[in-house]
There are 2 protein chains.
Amino acid sequence: MVNKTTTQDKILDAAEQLFASTGFADTSLRQITGMAQVNLAAVNYHFGSKKELIQSVLQRYLSVLMPRLDQEFSQLLACQKQNDLTAVLSVFIKPLLELNKVQHHGTRMFLQLLGRGYTDVQGHLRWFFNHHYGRTLDKFVLLVQQACPDLPASEIFWRLHFSLGTVVFTMASNQALQEIAAADFNENVEIEGVIHRLIPYLAAGIASPLTLSGQTH
Amino acid sequence: MVNKTTTQDKILDAAEQLFASTGFADTSLRQITGMAQVNLAAVNYHFGSKKELIQSVLQRYLSVLMPRLDQEFSQLLACQKQNDLTAVLSVFIKPLLELNKVQHHGTRMFLQLLGRGYTDVQGHLRWFFNHHYGRTLDKFVLLVQQACPDLPASEIFWRLHFSLGTVVFTMASNQALQEIAAADFNENVEIEGVIHRLIPYLAAGIASPLTLSGQTH
DNA sequence: GTACATTTCAAACAAGTGTTTTAATTTAGT
DNA sequence: ACTAAATTAAAACACTTGTTTGAAATGTAC
């Protein structure tokens, strides 16, 4: 009886795979339990509801990632020197890539799930995330503000959400994008390559100079 | 019998409103026909299927917007001078804002629909768009390439998709973002204000200098 | 080995979906 | 005014969804 994968783990593994590729709403419990080779009722028995299953799937990654990020943010905040924006954004790289240790396709899968979580209109996920990890997020925003002292808080708010859009959308459609890139440009980028392309793009956008024209309000 | 709004228009108006706020998949035909005060079977009678209804809702805007964009792109391509990126992106502003003439909340509604179209996993919409307006899109890509002669095509491909993510995500969650901005920063931005904030952000990101570090491939 | 709690299973449930059908009604042409 | 086509209406259809039920099976402790 060595190496027995529990029913719960079988469900989580199948669910995360299907959620990532099909989205939360468009994945049925019957698909999940079918792939997991497990009885349909097992989901409700072990997780209570589909909603809680979704949260459990994300929690498996978040509980590893977020404390690491929180620690890195605190460290950067502690040393008083003004951090450059690229450095702040680069903090994400290592913790994200280390998710490959918690699951085979960890990083890619998690980012894809994150994308789904924000594009599907799953209100409870937003709440779940802010409730559990809101304070870590605040630290990050503080770091960005320190790196861009000339930008008003409202401008940073908008630009960070612009950036969130880039990340979420890129990750949600990551697979399709990589396939197109491979076909059209003969280049084979892993998730790590995408991340390294993203950071300078985001840094330039967030730090772009204020234009005082055109605003008709 | 003056000013009679046809059943089809009643359906389209209700559908676009519900699609924009709830998404395509999460809006049922019964909600639509309920709001439109129309019989359920009318949708299938007039549009054939829900899928075709979705396309019709988008088509009402696209058939106005895309020819205008195409014309502007062609014009920019004709004059040989090298266009700066901000100028190329700014081409979108006027045609987008003129959508307010085809419907009361035209611009905001259309952009929100566009966001839904890309975030919901509606494969047929991608196909529909590329099939009808692919060549207009090619002109835009060409303009961007001319504006950024130092960037390889593959890099432009990625950065344009990053930008698409920003636009789509911002527009899909536009309403929520505007509400937060109003509450936290006491600022009341219309859709026009958001567009004017977007363009310098996108331009900076797309034109960001190539970094030759970190790529481990 | 008996008693108890945990877990699995097949089946049914209640609610919602898009679509089709058939008849009634309205509209338009001559 | 009569006929034929176009539109509306109510009902049913076939199917999928998440969840619950109650009995069977399995595991655990004494």
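All values derive from a computational prediction rather than experimental measurement. Here is the naming used below: chain letters follow the sequence lines, and residue numbers restart at 1 for every chain.
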- D:dG18 C1' sits how many Å from A:Phe24 CZ, rounded? 17 Å

- Okay, side chain of B:Thr22, backbone of B:Phe19: is any donor-acceptor separation there less than 3.5 Å? no

- Could you check how far CG of B:Asp26 sits from C1' of D:dT16, rounded to whole Å? 15 Å

- Message: Looking at B:Thr5 and B:Lys10, would you say the former's side chain and the latter's main chain have a donor-acceptor pair under 3.5 Å?
- Response: no

Tabulated below should be each protein N or O lying under 3.5 Å from an N or O of nucleotides 12-17 of chain C; please produce it.
from   : atom 1 : to      : atom 2 : distance (Å)
C:dT17 : OP1    : B:Ser28 : OG     : 3.2

- Sequence-aligned protein contact record of nucleotides 21-26 of chain C, with B where the base is within under 4.0 Å of a protein heavy atom and S where only the sugar-phosphate is: ------

- Message: Could you check whether any side-chain N or O of A:Gln31 sits under 3.5 Å from a backbone N or O of A:Ser28, counting only pairs where one atom can act as donor and the other as acceptor?
- Response: yes

- Any chance the side chains of B:Glu52 and B:Ser49 put a donor and an acceptor closer than 3.5 Å? yes

- Message: For B:Phe162 and A:Tyr201, I'd like to know if the aromatic rings sit close, meaning centre-to-centre distance below 6.0 Å.
- Response: yes

Restricting to nitrogen or oxygen on both sides, can you table the protein-nucleotides 5-8 of chain D pairs closer than 3.5 Å?
from  : atom 1 : to      : atom 2 : distance (Å)
D:dT7 : OP2    : B:Tyr45 : OH     : 3.2
D:dT8 : OP1    : B:Thr7  : OG1    : 2.3
D:dT8 : OP2    : B:Thr7  : OG1    : 3.4
D:dT8 : OP2    : B:His46 : NE2    : 2.7

- Are the ring centres of A:Phe92 and A:Phe73 closer than 6.0 Å? yes

- Query: Got B:Thr170 and A:His161 here, is their nearest side-chain heavy-atom distance under 4.5 Å?
  - Reply: no

- Message: Under a 3.5 Å distance rule, please check whether A:Arg68 uses its side chain to pair with a backbone N or O of A:Glu98 as donor and acceptor.
- Response: no

- Task: Evaluate the side-chain proximity of A:Gln178 to A:Glu190: yes if any heavy-atom separation is below 4.5 Å, no if none is.
- Result: no

- Query: Does the B:Lys50 side chain pair with the main chain of B:Asn44, one donor and one acceptor, at a distance under 3.5 Å?
  - Reply: no

- Whole Å only: how far is the CG atom of A:Asn44 from the C1' atom of C:dT7? 14 Å

